[in-house]
> 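Quick one: the structure is below, questions incoming.
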Amino acid sequence: MEEFFLISKRNIDYEGSLSDLNDEYYAEEYCLEVLDIPEEHLYEVKFTNLGLEISLDELIDDSFSEDWYVQLKTISNSAIRKYA
């Protein structure tokens, strides 16, 4: 199961320039360090004109109640769950 989240630019709490997030390294570091998303769940992240697009994978039922996941759902503008 894969889940997709979109965090609009106005909801991104980033100390540097938002343009830094165009670099995949900084976008991933933001997800890992600021949003506390465990690395094993982070499938893909990219910064677009809509904001930060985050794809998660390898989620288990316990993940849905963890603090990082609840926070992500709260600050994201949309979430889409894809079933394989």
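This is a predicted model, so every value here is computed, not measured.
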> Just verifying a value: how many Å separate Ser19 OG and Tyr26 OH, rounded to the nearest 0.5 Å?
10.5 Å

> Please work out which of the three classes, parallel, tilted or perpendicular, describes the rings of Trp68 and His41, given edges at 30° and 60°.
parallel

> Which value, rounded to the nearest 0.5 Å, describes the distance between Glu29 atom CD and Asp20 atom CG?
12.5 Å

> Rounded to the nearest 0.5 Å, what's the gap from CD1 on Ile54 to CD on Glu3? Could you check?
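Rounded to the nearest 0.5 Å, the CD1-CD separation comes out at 11.5 Å.
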
> Measuring from atom CD of Glu66 to atom CD1 of Ile60, what distance do you get when rounded to the nearest 0.5 angstrom?
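The CD1 atom of Ile60 is 7.0 Å from CD of Glu66, to the nearest 0.5 Å.
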
> Could you report the tightest heavy-atom contact between Glu24 and Val45, atom names first, then the distance?
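The pair with the smallest heavy-atom distance is CG-O, 4.4 Å.
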
> Return the CG to CG distance between Leu52 and Leu35, rounded to the nearest 0.5 Å.
7.0 Å

> List the steps and the verdict of side-chain contact (heavy atoms from CB on, under 4.5 Å) for Tyr69 and Phe5.
CA-CA 11 Å; Tyr69 184 85; Phe5 294 89; 3.8 Å; yes

> So with a 6.0 Å cut-off around CD of Glu39, is the heavy-atom count from everything else above 12?
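Counting other residues, nucleotides and ligands, CD of Glu39 stays at 12 neighbours or fewer.
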
> Looking only at heavy atoms, which two atoms of Pro38 and Leu32 are closest? And how far apart?
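Looking at all heavy atoms of both residues, the closest pair is C-CD2, 4.2 Å.
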
> Between Ile7 and Leu72, does the side-chain contact (heavy atoms from CB on, under 4.5 Å) criterion hold? Intermediate values first, please.
CA-CA 8 Å; Ile7 301 175; Leu72 184 59; 3.7 Å; yes

> Please say yes or no: joined through hydrophobic side-chain contacts below 4.5 Å, possibly via intermediate residues, are Leu6 and Val70 part of one cluster?
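Different clusters: Leu6 never reaches Val70 through Ile, Leu, Val, Met, Phe, Trp or Tyr contacts under 4.5 Å.
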
> Nearest heavy-atom pair of Thr48 and Lys9: which atoms, and what distance?
O-CE, 3.5 Å

> Report, as yes or no, whether the 6.0 Å neighbourhood of atom NZ on Lys46 holds more than 12 heavy atoms from other residues, nucleotides or ligands.
no

> Give a yes or no on whether the backbone of Asp13 and the side-chain of Tyr30 come within a donor-acceptor separation of less than 3.5 Å.
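It does hold such a pair.
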
> Just verifying a value: how many Å separate Glu28 CD and Asp23 CG, rounded to the nearest 0.5 Å?
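One gets 9.5 Å once the value is rounded to the nearest 0.5 Å.
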
> What's the shortest heavy-atom distance between Phe47 and Leu21, and which atoms?
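Nearest heavy atoms, Phe47 then Leu21: CB-O, 3.2 Å.
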
